[in-house]
Colleague: 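Take a look at the following structure, please.
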Amino acid sequence: MPELPEVETLARYLRRRLVGRTIRRVQILTPATIRSPRPDRFTRALRGRTVQGIDRRGKYVLVRLDRGLVLVIHLRMTGDLVIMPRRRLLHPHTRVVLGFGGSDLRFEDQRRFGHMDLLPASAVPYFEPLQRMGAEPLDGAFTPQRFRAILKRRRGALKPLLLRQEVVAGIGNLYSDEILFQARLHPGRRVESLRPQEVRRLYLATRRVLRRAVRRLARAGEPVGALLAVREEGGACPRCGRLLAATRMGGRATYFCPACQR
DNA sequence: CGGCTCCCCTGGCAGC
DNA sequence: TGCTGCCAGGGGAGCC
Ligand SMILES: [Zn+2]
């Protein structure tokens, strides 16, 4: 279930495979997946379009097409984009198929939370969720100063803060736990109580955790993180060996070490 | 604004 | 075996 590193890895893969190729066939198996425009228009507008580029913003995949169109896709919890030969049987959770001749790009999504919007490129900056989206943590513009400024405007517990896409884009439930573990900060710690040194740790941990995960996913296809490896009921802290605390914050399962994270 | 609950939907799994 | 309830990595709406 994809957070920034997984979506970034997926976007890079799609870029390698799809740029320059032309959509010949569009098949919608679950109309609800298409949020806009209506399925018949969606199909007509996509047929014949050539992929010019693939971008990522937060957890969104953006497929840039000719004629000034962009296909904006969110995988949510269970969505995935897979490329496979056209002759391969459709997986039962296949929601949308874009046929590129011999191979398909298939959107598979068990829980049907994922969705896509086909927009004019000019409308993308005004597309609500993208417009609200916060800083890209792996971007060069994401500096310690910028991060400090972002946090200064906020109040409340760190974990829910990290999960808000309009604060920092792309962090989900798993990586937020990992980031807080690496930063040695308690998930319930209030952002306004952080000392400069701790803000710095949080900044560095955010970058390092996400960057490492992208690198590792690209190579091994396996997610990384000291905490992620033991993140379960009864797991031991990788740093001090004590039992991890398991709780819920903002309705999300949360794991941390009460000794190391303050 | 922050923080909570509910909801969208499906399936895996523990417990009875 | 079969049923039930709970849980899941996302995020928006509605409420206090
Ligand atoms: Zn510890």
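FYI, side chains are in, hydrogens and waters are out, and symmetry mates aren't considered; it's all heavy atoms of this structure. Every chain is numbered from 1 and lettered A, B, ... according to where its sequence line falls, protein lines coming before strand lines.
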Colleague: Is any side-chain N or O of His115(A) closer than 4.0 Å to OP1 or OP2 of dC8(B)?
Modeller: no
Colleague: For Glu128(A) and dA13(C), what is the distance between atoms CD and P respectively, to the nearest whole Å?
Modeller: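 Checked: the CD to P distance equals 8 Å.
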Colleague: Could you state the CG-C1' distance from Asp177(A) to dG9(C), rounded to the nearest angstrom?
Modeller: 10 Å
Colleague: Is Glu198(A) salt-bridged to Arg189(A), going by a charged N under 4.0 Å from an acidic O?
Modeller: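 Salt bridge between Glu198(A) and Arg189(A), a charged N being under 4.0 Å from a carboxylate O: yes.
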Colleague: State the pairing partner of dC7(B); accept Watson-Crick or G-U wobble contacts with both distances under 3.5 Å, and report none otherwise.
Modeller: dG11(C)
Colleague: Check whether any side-chain N or O of His74(A) sits under 4.0 Å from OP1 or OP2 of dG11(C), and answer yes or no.
Modeller: yes
Colleague: Let's see if you get this right: which residues in residues 158-169 of chain A place a heavy atom under 4.0 Å from DNA chain B?
Modeller: Arg164(A)
Colleague: Within the structure, does a side-chain N or O atom of Arg154(A) lie under 4.0 Å from either OP1 or OP2 of dG2(B)?
Modeller: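 Indeed, a polar side-chain atom of Arg154(A) lies that close.
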Colleague: Distance alone, cut at 3.5 Å: any donor-acceptor contact between the side chains of Gln27(A) and Arg25(A)?
Modeller: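 Distance-only check passes for Gln27(A) and Arg25(A).
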Colleague: Please measure how far the P atom in dC3(C) lies from the corresponding atom in dC9(B), and state the result in whole Å.
Modeller: 23 Å
Colleague: Can you tell me, in whole Å, how much space there is between the P of dT5(B) and that of dC7(C)?
Modeller: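 Their P atoms lie roughly 12 Å apart.
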Colleague: Report the distance from atom CD of Gln110(A) to atom P of dC8(B), rounded to the nearest whole Å.
Modeller: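 Those two atoms, CD and P, are 16 Å apart.
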Colleague: Between P on dG2(B) and CG on Leu151(A), what's the gap in Å once rounded to a whole number?
Modeller: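 Interatomic distance, CG of Leu151(A) to P of dG2(B): 11 Å.
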Colleague: What is the nucleic acid contact for Arg190(A), judged by heavy atoms within less than 4.0 Å: base, sugar-phosphate only, or nothing?
Modeller: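 Result for Arg190(A) = sugar-phosphate.
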Colleague: Sticking with atom P, work out how far dT1(C) lies from dT10(B), rounded to a whole angstrom.
Modeller: 26 Å
Colleague: Answer with base, sugar-phosphate or nothing: what part of the nucleic acid does Glu3(A) contact at a heavy-atom distance below 4.0 Å?
Modeller: sugar-phosphate
Colleague: Do Tyr13(A) and Met84(A) land in one hydrophobic cluster if side-chain heavy atoms of ILVMFWY residues count as linked below 4.5 Å?
Modeller: no
Colleague: May I ask you to evaluate whether Lys59(A) reaches the phosphate of dG11(C), defined as a side-chain N or O under 4.0 Å from OP1 or OP2?
Modeller: yes
Colleague: Would you say the side chain of Arg111(A) and the base of dC9(B) hold a donor-acceptor pair, judged only by whether the two atoms sit under 3.5 Å apart?
Modeller: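 Yes, a donor-acceptor pair under 3.5 Å.
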Colleague: How many Å lie between CZ on Arg248(A) and P on dG3(B), as a whole number?
Modeller: 17 Å
Colleague: Distance between the P atoms of dG11(B) and dG11(C), in whole angstroms?
Modeller: 22 Å
Colleague: Could you measure between the two P atoms, the one in dC6(B) and the one in dC6(C), and give it in whole Å?
Modeller: 12 Å
Colleague: Would you say dG12(C) has OP1 or OP2 under 4.0 Å from some side-chain N or O of Arg132(A)?
Modeller: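 Yes, such a contact exists.
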Colleague: For Phe147(A) together with Phe142(A), are the ring centres under 6.0 Å from each other?
Modeller: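 Ring centres of Phe147(A) and Phe142(A) closer than 6.0 Å.
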Colleague: Are Thr50(A) and Thr22(A) linked by a side-chain donor-acceptor pair shorter than 3.5 Å?
Modeller: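 Short answer, yes.
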Colleague: Under 4.0 Å between a Lys/Arg side-chain N and an Asp/Glu carboxylate O for Arg106(A) and Glu108(A)?
Modeller: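 Salt bridge between Arg106(A) and Glu108(A), a charged N being under 4.0 Å from a carboxylate O: no.
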Colleague: Rounding to an integer number of Å, can you tell me how far Phe127(A) CZ sits from dG11(C) P?
Modeller: 12 Å
Colleague: In this structure, which one of Arg17(A), Arg21(A), Arg86(A) forms a side chain to side chain donor-acceptor pair (under 3.5 Å) with Ser103(A)?
Modeller: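 Result: among Arg17(A), Arg21(A), Arg86(A), Arg21(A) is the only option passing the side chain to side chain donor-acceptor pair (under 3.5 Å) with Ser103(A).
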Colleague: Would you say a side-chain N or O of Arg95(A) is under 4.0 Å from OP1 or OP2 of dC9(B)?
Modeller: no
Colleague: Distance check needed: dG12(C) P versus Asp117(A) CG, whole Å only.
Modeller: 12 Å
Colleague: Taking the six-membered ring for Trp, does Phe113(A) stack with dC8(B) (centroid gap under 5.5 Å, planes within less than 30°)?
Modeller: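 Check passed, Phe113(A) stacks on base of dC8(B).
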Colleague: Could you label the plane-to-plane angle of the Phe127(A) and Tyr60(A) rings as parallel, tilted or perpendicular, counting under 30° as parallel and over 60° as perpendicular?
Modeller: perpendicular
Colleague: Knowing that exactly one of Leu29(A), Ile34(A), Ile28(A), Thr30(A) qualifies, which makes a side-chain contact (heavy atoms from CB on, under 4.5 Å) with Arg95(A)?
Modeller: Thr30(A)
Colleague: Between Arg155(A) and dC1(B), is there a contact of a side-chain N or O with OP1 or OP2 at under 4.0 Å?
Modeller: no
Colleague: Grab the CG-P distance between Asp109(A) and dG9(C) for me, whole Å please.
Modeller: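 Taking atom P of dG9(C) as the reference, CG of Asp109(A) is at 16 Å.
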